[in-house]
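All values derive from a computational prediction rather than experimental measurement.
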Amino acid sequence: MFNQSRRNLARWFTLSMGSILVLFAGVIYQIEVQDKREAIDRLLLDKTRIIAASVHYDVRQHQTAIDLTNVPLLGSGSHPLAEDLIYVRWYNVQGRLVRFFGVAPAYQLNTPPGYQTIQPTDPLLQHHRWLRQITLPVGGRTGTLGYLQVATPLTETHNQLQELQLALTLAVPIALGFIGLTGWLLSGIAMQPIRRSYQQLQRFTADASHELRSPLSAILTNAQVGLMLASAEAQFQPPLENIVESAKSMGALVNNLLLLARHPGKLAPESLKLLTLNPFLAEIVAQFMELAAVQGVQLSYEPPEQAVQIWADPDLLRQVIENLLSNACKYTSTGGSVRLRLIPHPGWAVVQVTDTGIGIPETDLPYIFDRFYRVDTARSLDSGGFGLGLAIVQQIVQAHRGQIHVTSVVGQGSTFQVELPLKLPVS
Ligand code: ADP
């Protein structure tokens with residue numbers, strides 16, 4: 001129970017902190033991408049503006065021209081202006097190509113003014129996976145003179161971003177591991193006071209139940225002696241019989257509480273024995289034959305042909321089967337049937353108790369394993385139950401690292417299925 005709560009706490013802590021971390025890493029990456037793009041765009045615009053300063057109107061040719069003689073050889077890296085420029089293209093105002101440096105461009109301008117990120121199709125540029133291109137309208141006194149198109153490679157930026165991505169991809173799982181470990185340690189610390197107070201409560205219940213047993217057995221013995229002594233006095237019989245019944249019922253309750261408090265989910269390794277379930281269950285069923293016959297219920301047992309062996313505490317396991325069979329007989333009316341089946345599964349032994357009794361409403365099913373929960377107080381009181389039987393069953397099954405499931409239809413009956421591991425249930 002505590003380990004499960006601790007695991008849940010640690011899981012939720014890791015999940016929430018992990019989500020924040022992943023979100024944070026994503027935001028950092030996006031900010032870096034944005035920063036780099038803005039820096040590249042600014043530099044590209046500055047360089048394009050410098051080049052645009054050499055655009056003039058050629059009176060002899062009656063068209064705009066660009067003087068690039070002062071612009072050093074592109075891509076040579078010998079001048080800061082030419083560094084990292086892949087091509088420069090000058091288009092006139094009609095969008096027709098006038099002059100260019102770099103690879104041969106389209107004759108007609110085919111991109112709108114502004115920035116574009118493009119994948120070059122020209123084989124000469126294919127070693128650059130991505131280019132950032134600007135198409136800048138250049139204006140003169142008479143209006144727009146033409147369009148200057150300049151491109152720079154994004155390879156360097158791409159590599160840097162990929163490195164950042166790789167660093168984040170490695171750092172996030174490592175950080176998640178640390179977060180998980182911290183969560184596990186923190187949840188352990190958080191669970192400590194709860195565990196302590198639960199243990200105190202268990203100890204108190206165990207001590208109180210233990211202390212109550214002696215006075216209860218004294219009451220029972222005295223009442224029984226009183227019954228014998230007063231056998232001739234008819235008026236004393238009913239109250240004395242009441243005392244005997246109440247003392248027996250309280251004794252059963254105290255024993256159940258003691259059982260719940262003493263086995264809070266752990267089994268002592270020395271109490272475990274290798275048990276062959278086939279004869280073990282047959283013996284319990286034989287004990288119940290008389291009770292079933294008195295109630296007019298047909299009780300049957302279906303063992304498999306092969307022997308099924310598990311490691312279990314025989315006394316506790318007996319309590320599980322007895323509680324389930326007792327409930328099945330109790331809540332099945334005359335003429336009905338109760339069937340116990342043992343089904344071997346790979347790694348598991350499955351024990352099924354099926355009855356054709358009154359069944360359990362669907363709304364009550366999630367709670368029937370809770371302590372002191374009774375489906376219908378009237379019918380449970382009739383049958384003298386305290387609502388502890390199934391809580392004990394579940395606790396014992398879980399202590400054996402097993403599971404219990406129930407299916408039921410009101411008016412048709414119920415099936416309780418216990419699944420127990422074949423291997424040693426202590427970890
Ligand atoms: P109780 O001692 O009251 O029987 P349990 O913990 O054994 O307490 O069972 C809890 C409740 O589940 C019971 O009050 C009963 O209403 C219901 N219940 C348990 N087993 C059966 C069954 N086989 N058929 C119908 N109802 C059942």
Side-chain angles (χ1 to χ4, degrees), residues 22-56 64-93 95-140 144-172:
V22 170
L23 203 78
F24 194 62
V27 169
I28 286 185
Y29 182 74
Q30 281 311 320
I31 290 175
E32 192 63 22
V33 169
Q34 189 74 20
D35 277 0
K36 288 222 177 293
R37 184 180 301 155
E38 277 174 14
I40 286 176
D41 287 354
R42 227 177 298 122
L43 193 67
L44 193 60
L45 182 64
D46 288 348
K47 287 184 178 181
T48 311
R49 276 193 180 139
I50 294 170
I51 299 169
S54 62
V55 172
H56 59 276
T64 54
I66 186 164
D67 179 9
L68 292 177
T69 45
N70 290 332
V71 178
L73 207 57
L74 287 170
S76 66
S78 55
H79 190 281
L81 184 62
E83 200 181 334
D84 280 344
L85 288 190
I86 298 294
Y87 51 74
V88 177
R89 296 157 181 179
W90 172 244
Y91 292 90
N92 67 15
V93 73
R96 270 196 298 279
L97 185 70
V98 178
R99 208 166 161 200
F100 71 93
F101 278 96
V103 293
Y107 182 68
Q108 187 67 32
L109 181 67
N110 52 14
T111 41
Y115 293 101
Q116 284 101 31
T117 301
I118 52 170
Q119 246 181 321
T121 46
D122 194 304
L124 288 173
L125 293 179
Q126 292 224 319
H127 56 286
H128 298 293
R129 279 190 59 209
W130 294 97
L131 298 179
R132 188 77 174 151
Q133 171 186 281
I134 184 172
T135 308
L136 184 74
V138 179
T144 306
L145 298 177
Y147 300 92
L148 195 57
Q149 197 170 63
V150 180
T152 187
L154 286 178
T155 321
E156 175 80 17
T157 318
H158 241 262
N159 290 345
Q160 284 169 359
L161 286 176
Q162 258 172 356
E163 274 168 25
L164 178 68
Q165 214 172 22
L166 186 73
L168 289 176
T169 322
L170 289 176
V172 167

Please report the interatomic distance [atom1]([X]) to [atom2]([Y]), rounded to the nearest 0.5 Å.
| X | Y | atom1 | atom2 | value |
| --- | --- | --- | --- | --- |
| R49 | L45 | CZ | CG | 4.0 Å |
| E38 | L43 | CD | CG | 13.5 Å |
| R96 | Q108 | CZ | CD | 6.5 Å |
| I40 | L154 | CD1 | CG | 5.0 Å |
| L168 | E32 | CG | CD | 9.5 Å |
| I134 | D46 | CD1 | CG | 9.5 Å |

Under the rule for side chain to side chain donor-acceptor pair (under 3.5 Å), what residues qualify as partners of [X], not counting sequence neighbours?
| X | answer |
| --- | --- |
| T144 | none |
| Q116 | Q133 |
| Q119 | none |
| D41 | R132 |

Looking only at non-hydrogen atoms, find the nearest pair between [X] and [Y] and report the distance.
| X | Y | result |
| --- | --- | --- |
| Y91 | A106 | OH-O, 3.1 Å |
| P105 | L97 | CG-CD2, 3.5 Å |
| P113 | Y147 | CG-CE2, 4.2 Å |
| V88 | L148 | CG1-CD1, 4.0 Å |
| V172 | A25 | CG2-CB, 3.9 Å |
| A52 | V138 | CB-CG2, 3.9 Å |

- Counting heavy atoms not belonging to Q165, are there more than 12 under 6.0 Å from its CD?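 Yes, CD of Q165 has more than 12 neighbouring heavy atoms, counting only those of other groups under 6.0 Å.
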side-chain contact (heavy atoms from CB on, under 4.5 Å) between I51 and W90, intermediate numbers included: CA-CA 10 Å; I51 299 169; W90 172 244; over 6 Å; no
Q. Residues two or more places apart in sequence or in another chain: which of them pass side chain to side chain contact (heavy atoms under 4.5 Å, CB included) with L23?
A.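 Here no residue qualifies.
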- Task: Mind checking side chain to side chain contact (heavy atoms under 4.5 Å, CB included) for T155 and listing every partner two or more places apart, or none if nothing turns up?
- Result: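 With sequence neighbours excluded, T155 shows a side chain to side chain contact (heavy atoms under 4.5 Å, CB included) to H128, P153, N159, given in chain and number order.
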- request: Side-chain contact test, heavy atoms from C-beta onward, threshold under 4.5 Å: evaluate it for L161 versus V33 and give yes or no.
  value: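 Sidechains of V33 and L161: in contact.
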Notebook entry, point to check: Are any non-hydrogen side-chain atoms of I86 and T152 less than 4.5 angstrom apart?
Noted result: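 I86 does not reach T152 side chain to side chain.
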* Would K47 and V150 count as a side-chain contact (heavy atoms from CB on, under 4.5 Å) if you check the C-alpha gap in whole Å, the side-chain angles of each, and the deciding distance to 0.1 Å? -> CA-CA 9 Å; K47 287 184 178 181; V150 180; 5.7 Å; no
Steps toward side-chain contact (heavy atoms from CB on, under 4.5 Å) verdict (T111, I118): CA-CA 11 Å; T111 41; I118 52 170; 6.0 Å; no
Are T157 and W130 close enough, and set up right, to give a side-chain contact (heavy atoms from CB on, under 4.5 Å), and what steps lead you there? CA-CA 10 Å; T157 318; W130 294 97; over 6 Å; no
